[in-house]
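Read the structure below first, then the notes.
Every value quoted in this text rests on a predicted model; they were computed, and no experiment measured them. We name chains A, B, ... by the order of the sequence lines, and we start the count at 1 in each one.
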There are 2 protein chains.
Amino acid sequence: MDQLHLQNQLCFPLYALSRQMTALYRPYLEKLDLTYPQYLVMLLLWEHENLSIKKIGCELWLDSGTLTPLLKRMEETGLLTRDRSSEDERVVNVHLTKEGRQLQKKAVGIPDNIFSELSITNAQLKSLKKELSAILNGLEKKKEL
Amino acid sequence: MDQLHLQNQLCFPLYALSRQMTALYRPYLEKLDLTYPQYLVMLLLWEHENLSIKKIGCELWLDSGTLTPLLKRMEETGLLTRDRSSEDERVVNVHLTKEGRQLQKKAVGIPDNIFSELSITNAQLKSLKKELSAILNGLEKKKEL
DNA sequence: TTTTATTTAATTGTGCACAATCTAATTTTG
DNA sequence: CAAAATTAGATTGTGCACAATTAAATAAAA
């Protein structure tokens, strides 16, 4: 029955820390007029410039029910454009705008700021990221079976 | 600029794994007619039987905007009751019902089932839980300053 | 003791998440 | 080719999260 105690669960610190982490980002992201999931989309677009909704969903593990309205809001604020592909009309391509590109300059300092608030070492951070990613990939593989 | 790549962030695997973890719980919790945050409330009530909303919020790091409607739904399904304290009328006490207690029997197997789906060792799980909790507590202390 | 400040919940509003369903476009099969 | 299956997104509905405001009760201070 000990199994059912909150403090014995892995899932809880994962859930709580994930939310506290986005709370840590919030003051920085508010200055850029972004939410945390919108910030993740921008990270992808700063890297790739042009992506389908499908691809964004695969990278972030999010479906169209989440992404469609989120991307529409980001289109309204001028960070990106959405156009249906001419080769395959089912596909909607998301493209970074000039304003979207500009925003990257304001974001460069964020990761360092967050890191400094965490009071952990760089080595800890790296190993933790690795462990979490490993579990995540394990789940991904399972899904494919 | 590498800092701004999705794959170099700690926050992202944390965010993604947290959601995938609740997805892992979902099929089990649906059988109990619970959502994941509701399950966390039940874990607390199975341990303590009687808790104020304030206390639940402190334990789960959730505020009344989240808890008030969530607890009302759980009251409607008969898992708990909500009564204003007579000593201090500001306080609402949440009390486990018989049905709520009964539900524990159906939940005992869940942690083991989840663990077996994760394909990690018990040692890994424990150390991971410890690391995440440590960071979480670090943030908690910061808030108090 | 009356004012002031604090505390606990509830309320309102916005933005995710995600299941389920739907539509339209493309592929695959017979 | 035509019918069936698959795929990409959009839509609808429910349930969190959380900021900001409000209301009521209690505690603290002048």
Positions of residues 23-49 of chain A (non-hydrogen atom under 4.0 Å from DNA chain C), listed by number: A/Thr35, A/Pro37, A/Gln38
Residues, nucleotides or ligands: over 12 heavy atoms within 6.0 Å of A/Lys54 NZ: no
Strand-adjacent residues in residues 70-90 of chain B, judged by heavy atoms under 4.0 Å from DNA chain D: B/Leu70, B/Arg73, B/Glu87, B/Asp88, B/Glu89, B/Arg90
Spacing of A/Asn93 atom CG relative to D/dG9 atom C1', expressed in whole Å: 12 Å
Passing candidate, side chain to side chain contact (heavy atoms under 4.5 Å, CB included) with B/Ile53, options B/Leu62, B/Asp63, B/Val94: B/Val94
ring-ring contact (aromatic ring centres under 6.0 Å, His included) contacts touching residues 29-51 of chain B (sequence neighbours left out): A/Tyr15-B/Tyr36, B/Tyr25-B/Tyr36, B/Tyr25-B/Tyr39
Under-4.0 Å side-chain N/O to phosphate OP1/OP2 contact, A/Thr68 with D/dA10: yes
By salt bridge (Lys or Arg N to Asp or Glu O under 4.0 Å) - contacts of B/Lys55 (at least two apart): B/Glu59
By side-chain hydrogen bond (donor to acceptor under 3.5 Å, both in side chains) - contacts of A/Glu89 (at least two apart): none
Short side-chain to backbone donor-acceptor contact, A/Ser64 and A/Leu67, under 3.5 Å: no
With sequence neighbours excluded, residues passing side-chain contact (heavy atoms from CB on, under 4.5 Å) with A/Val91: A/Ser52, A/Ser85, A/Asp88, A/Asn93
Partner residues of A/Glu99 under the salt bridge (Lys or Arg N to Asp or Glu O under 4.0 Å) criterion, sequence neighbours left out: none
Results of salt bridge (Lys or Arg N to Asp or Glu O under 4.0 Å) for A/Glu47 - residues two or more places apart only: none
Residue list, salt bridge (Lys or Arg N to Asp or Glu O under 4.0 Å) with B/Asp33, at least two apart or on another chain: none
Along DNA chain C, first and last positions that approach a heavy atom of chain A under 4.0 Å: C/dG15 to C/dT26
Distance-only donor-acceptor check, side chains B/Asp112 and A/Gln3, under 3.5 Å: yes
B/Gln124 (side chain) donor-acceptor with B/Thr121 (main chain) under 3.5 angstrom: yes
Residue list, side-chain hydrogen bond (donor to acceptor under 3.5 Å, both in side chains) with B/Glu30, at least two apart or on another chain: none
Distance, rounded to the nearest Å, where A/Leu62 contributes CG and D/dA10 contributes P: 14 Å
Touch class at under 4.0 angstrom, heavy-atom based, for B/Thr22 against every strand present: nothing
Of B/Asp63 and A/Lys54, the one whose closest DNA chain D nucleotide lies more 5': A/Lys54
Of A/Val91 and B/Ser64, the one whose closest DNA chain D nucleotide lies more 5': A/Val91
Nucleotide D/dT11, atom P - distance to CD1 of A/Ile53 in whole Å: 11 Å
Proximity to DNA chain D (any heavy atom under 4.0 Å), residues of residues 6-13 of chain B only: none
